[in-house]
Amino acid sequence: MVVVEVVTMTENEKTTQGAAPRATRRAAEMTAELTAELTAELTAESTAREITGAAAAETPDELRDGYDVVVVGGGAAGLSAGLMLSRARRSVVVLDAGAPRNAPAAGVHGLLGLDGISPRELLARGRAEVRRYGGQVVPGEVATATRPTHEEPDGPSSPDGPSHADGPSSPDGRSHADGPSHPDRPTDPDTPNSRDTPNGRETPNSRDTPNSRNNPAPSPFTLVLTDGRTVTARRLLVATGLVDELPSLPGLRERWGRDVVHCPYCHGWEVRDRAVGVLAVGPMAVHQALMFRQWSADVTLFTQGTPQPDEEQAEQLAARGIRVVDGEVAGLEVTGDRLTGLRLKDGRVLAREVLAVAAPMSARVGFLAGLGLRAVEHPGGAGSYLPADALGRTEVPGVWVAGNAADLSAQVGASAAAGAAAAAQVNADLIAEETRRAVAAHRAPFSAASEARVSALVTGDRRHGL
Ligand SMILES: Cc1cc2nc3c(=O)[nH]c(=O)nc-3n(C[C@H](O)[C@H](O)[C@H](O)COP(=O)(O)OP(=O)(O)OC[C@H]3O[C@@H](n4cnc5c(N)ncnc54)[C@H](O)[C@@H]3O)c2cc1C
């Protein structure tokens, strides 16, 4: 009995004594969790402050020469690519003419985690993030891009020593100079090479070029800026976006991105339930009218002299309660800095608060003509774009493209994602080239590296003083 009591007491004691440390442990854990959360919040806040502060007092970087990668265009796609490449310890410069497509808009919408952020603030943060990892962002507009046709033999060279006089090096002194590159090689053996473009087109596979069979070493790309500066790089990533070819209606351009809009996913919520006019400027007009009907029950399509909707379209428009006006629009009526109506050529004014325009979109890629790259017509008539495979690789070896220049429908999130994906491919391509060169050097019987190895083996410790 006594024994039982003792045992019971001992068990109780154990339980009571065990409870206290457990509670203490849990309290300590909770404190640690809270502290971690608080620290994370404070760090995020101070990082945001640091980034915003850095953006406010931005000092443009000095353009050097001989980068691993030049990214042309510093919008969502280009900065995202710059961030990935600088984090991959590549020497990278983002050259930017400073005219992102959505600049007139007050906020970027539909961007997870940053919905409503001002386009300017988003890109300022992006530039600070690129610079945080040693990448450069330099204002400037690229006028031409070429690559000398001169090809050097792919002889072995030391993977560690520069074989290219003004080879690229990172701002932190890391050297990536290992001479001319082989951008036409497979980027990553594990990555399937999709030849389907985002637009459903196929581009020639650069791996099949005679160049790749002959194992050439193309010279770096040379870019000339409109102010005369030049820069060279082993790879080129194009992220120059597109131009919305707005109709020349008086007063329209001034209101672009405010109450003259194009994309319901960007602005639809903000203009919901308002009186929306859709100005037909191309084959997307009926589609756009049907789209905006999702956000407002008051939609009118102005055919503007374009072909009338066909029978099926007319039925769809009627079924959705969308009015069709045939008369030509002559201008916008604006009162107190707000769109109030559309003035027709016959003098009528129809009240509208918002005007949607599906303007043709043209990829900004004219500077690539010297490389033989040109924009092609979009099959749906939406404009022109630069064809590439699903990974952003164009038909010219060593040139990648991301964002609106390749995909006319990409919003900010999709453009940033494409920039990051293309950057990873560019990095993989450079790694493949560097590995090939390292293997060649490793195998070479009389290279400086192998001589050093033999010397070390033969002389052992006695090599001291040699
Ligand atoms: C009015 C408007 C509002 C929008 N609102 C939204 C929205 O709310 N949410 C959303 O997700 N998307 C929105 N978009 C779409 C968004 O603008 C695009 O998805 C995005 O800008 C594409 O990014 P990008 O990097 O491809 O191109 P851009 O952002 O256009 O950046 C390209 C950059 O390259 C530069 N450049 C061009 N040519 C050269 C050259 N030769 N040399 C050097 N630099 C060059 C340009 O100056 C520009 O800075 C909106 C678009 C418009 C027109």
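Indexing begins at 1, ligand by ligand and atom by atom, following the structure's order. Computed from a predicted model, the values in this text were never measured in an experiment. Start at 1 with the first residue, then count along the sequence.
Taking the charged nitrogens against the carboxylate oxygens, D259 and R338 have no contact shorter than 4.0 Å, which rules out a salt bridge. Salt bridge annotation for E434-R90: present, with a cationic side-chain nitrogen under 4.0 angstrom from a carboxylate oxygen.
Between atom 38 (N) of ligand 1 and the options L123, N102, T240, the minimum heavy-atom separation is to T240. For atom 41 (N) of ligand 1, the choice among V142, L122, L79, V94 with the nearest heavy atom turns out to be V142. Counting heavy atoms only, H262 comes closest to atom 2 (C) of ligand 1 of the residues H262, M361, R364.
Residue N404 has at least one nitrogen or oxygen atom sitting less than 3.5 Å from a nitrogen or oxygen atom of ligand 1, judged on distance alone. Considering both main-chain and side-chain atoms, R101 comes within under 3.5 Å of ligand 1 through a nitrogen or oxygen pair. For the pair A76 and ligand 1, the shortest N or O to N or O distance falls below 3.5 Å. Where the criterion is an N or O separation shorter than 3.5 Å, residue side chain and backbone included, A405 fails it with respect to ligand 1. No N or O atom of E141 sits closer than 3.5 Å to an N or O atom of ligand 1. Taking only nitrogen or oxygen atoms, main chain and side chain alike, V108 does not reach within less than 3.5 Å of ligand 1. Checking only distances, G78 never comes within under 3.5 Å of ligand 1, N or O to N or O.
Side-chain contact between R125 and L114 is present, with at least one heavy-atom pair separated by less than 4.5 Å. In this structure, the side chains of V261 and C266 stay at 4.5 Å or more apart for every pair of heavy atoms. V276 places none of its side-chain heavy atoms less than 4.5 Å from the side chain of D298.
Under a 4.0 Å heavy-atom criterion, G140 is in contact with ligand 1.
Only backbone heavy atoms of L95 (N, CA, C or O) come within less than 4.0 Å of ligand 1; its side chain stays farther off.
Here the options are L236, T144, V238, the test is side chain to side chain contact (heavy atoms under 4.5 Å, CB included), and the partner is L371; only L236 passes.
Below 4.0 Å from some heavy atom of H109 lie the following atoms of ligand 1, by number and element: 7 (C), 8 (O), 9 (N), 10 (C), 11 (O).
Listed here is the closest heavy atom pair of A423 and A81: CB-O, 3.6 Å.
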